[in-house]
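Just below is one structure, and these are the notes that go with it.
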Amino acid sequence: MTRQVVINTRIEGGKFKRNNRIIKHAIQEFEGKEIEIIFKRKYKQRSVPQNNTYWGLYIPFFQEIILDAWGEIKSAEEIHEILKFTCNYEEKINQATGEIIKVAISTTELTTSGWMDYELQLKQFALDYFNAVLPEPNSQTEFNF
């Protein structure tokens, strides 16, 4: 039996407009079971070129400038965590004390426009903290060995 199914559709006039057969089958599949229904607006996720630029250009760039600034070699995943915490977070406020903490948000949840905002944050972070200019995609990067 299926544990979970995700079905994309569109609602118009209070009715599902696509994938009705699959929706009907899912309802039959879960007959007699407790289920959880989540309605979530679908957005375009970041594109493959955006993802390739991030992991192939931005992450190595930050590895290089962090090595220069801190003298530390960081893995791609460590850099990714640093960038999420620094540039893609939400602030949570303790109402009793007014204390604020940052909670990193997964970049996989970003829409294409949200990703563009994230890239702007990355550029600003590189400039403000490291006095470095984040390279543009398809630009030539020079590494000095």
Side-chain angles (χ1 to χ4, degrees), residues 1-12 16-30 33-145:
M1 170 154 76
T2 305
R3 292 186 56 134
Q4 175 179 316
V5 64
V6 175
I7 303 168
N8 293 309
T9 190
R10 180 179 185 83
I11 298 175
E12 289 180 11
F16 297 124
K17 296 310 270 185
R18 288 193 315 264
N19 298 320
N20 290 334
R21 183 170 171 253
I22 297 170
I23 293 167
K24 184 178 178 182
H25 183 76
I27 290 169
Q28 291 168 347
E29 181 81 17
F30 290 100
K33 307 288 188 271
E34 291 287 323
I35 65 167
E36 174 181 32
I37 297 175
I38 299 171
F39 286 90
K40 181 173 92 171
R41 181 152 179 218
K42 185 172 173 83
Y43 293 94
K44 280 183 75 175
Q45 296 302 110
R46 71 177 180 234
S47 68
V48 171
Q50 285 175 319
N51 195 56
N52 291 343
T53 297
Y54 182 70
W55 290 101
L57 180 64
Y58 296 162
I59 294 292
F61 169 78
F62 278 101
Q63 284 176 308
E64 187 74 24
I65 62 175
I66 284 175
L67 176 61
D68 289 344
W70 301 345
E72 299 175 13
I73 298 172
K74 299 285 186 188
S75 71
E77 196 55 45
E78 288 173 313
I79 296 294
H80 177 60
E81 291 301 316
I82 290 168
L83 296 178
K84 282 192 320 184
F85 186 77
T86 307
C87 302
N88 194 47
Y89 62 88
E90 62 181 331
E91 292 182 341
K92 298 290 187 178
I93 302 171
N94 181 324
Q95 296 299 329
T97 65
E99 192 175 5
I100 299 172
I101 62 167
K102 291 181 183 179
V103 178
I105 300 171
S106 172
T107 59
T108 61
E109 301 300 317
L110 294 174
T111 62
T112 50
S113 63
W115 187 262
M116 291 168 62
D117 292 340
Y118 181 54
E119 286 180 337
L120 290 174
Q121 293 294 324
L122 295 176
K123 288 178 185 181
Q124 198 63 52
F125 175 56
L127 189 60
D128 291 348
Y129 193 84
F130 297 102
N131 196 29
V133 177
L134 191 68
E136 293 293 325
N138 301 321
S139 67
Q140 195 69 20
T141 303
E142 183 176 312
F143 293 99
N144 298 316
F145 295 103

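Of all heavy-atom pairs spanning G114 and T111, the tightest one is N-OG1, 3.0 Å. Taking both residues in full, the closest heavy atoms of F61 and A132 are given as CZ-CB, 3.8 Å, listed atom of the first, atom of the second, then distance. Smallest separation of non-hydrogen atoms from K17 and T9: N-OG1, 3.7 Å.
Partners of R10 according to the salt bridge (Lys or Arg N to Asp or Glu O under 4.0 Å) rule, which considers only residues two or more places apart in sequence or in another chain, are E12. Residues passing the side-chain hydrogen bond (donor to acceptor under 3.5 Å, both in side chains) test with T107, sequence neighbours excluded: R46. Judged as a side-chain hydrogen bond (donor to acceptor under 3.5 Å, both in side chains), and not counting sequence neighbours, Q121 has no contacts. For Y54, the side-chain hydrogen bond (donor to acceptor under 3.5 Å, both in side chains) criterion is met by H80, Y118, not counting sequence neighbours. With sequence neighbours left out, I73 forms a side chain to side chain contact (heavy atoms under 4.5 Å, CB included) with L67. For Q95, the side chain to side chain contact (heavy atoms under 4.5 Å, CB included) partners at least two apart in sequence or on another chain are I93. Not counting sequence neighbours, T112 has no partner by the side-chain hydrogen bond (donor to acceptor under 3.5 Å, both in side chains) test. By the ring pair (Phe, Tyr, Trp, His ring centres under 6.0 Å) test, Y129 is found to be paired with F125, residues two or more places apart in sequence or in another chain being considered. Residues passing the salt bridge (Lys or Arg N to Asp or Glu O under 4.0 Å) test with K102, sequence neighbours excluded: none.
Sequence neighbours left out, the pairs with a member in residues 111-132 that pass salt bridge (charged side-chain N to carboxylate O under 4.0 Å, His left out) are K123-E136. Residues in residues 92-114 take part in no ring-ring contact (aromatic ring centres under 6.0 Å, His included) pair, two or more places apart or across chains. Listed by first and then second residue, the side-chain hydrogen bond (donor to acceptor under 3.5 Å, both in side chains) pairs that reach into residues 83-93 are E81-K84, sequence neighbours excluded.
To the nearest 0.5 Å, atom CD1 of residue I23 and atom CZ of residue F16 are 4.5 Å apart. Here CD of Q50 is found 7.5 Å from CE of M116. Values are rounded to the nearest 0.5 Å. Taking CH2 from W115 and CG from N51, the interatomic distance works out to 6.5 Å, rounded to the nearest 0.5 Å. Within the model, atoms CD1 of I105 and CZ of F85 stand 12.0 Å from one another, a figure rounded to the nearest 0.5 Å. I11 contributes atom CD1, which lies 10.5 Å from atom CZ of R18 (distance to the nearest 0.5 angstrom). Remark: L134 CG to F62 CZ distance equals 5.5 Å, nearest 0.5 Å.
At distances below 3.5 Å, at least one donor-acceptor pair connects side-chain atoms of N94 with backbone N or O atoms of T97.
With contacts defined as side-chain heavy-atom distances shorter than 4.5 Å, the pair Y58/L83 does not qualify.
The local environment of CG in N131 is sparse, with at most 12 non-hydrogen atoms from other residues, nucleotides or ligands closer than 6.0 Å.
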Under the side chain to side chain contact (heavy atoms under 4.5 Å, CB included) rule, what do H25 and Q28 come out as? Steps first, then yes or no, please.
-> CA-CA 5 Å; H25 183 76; Q28 291 168 347; 4.3 Å; yes
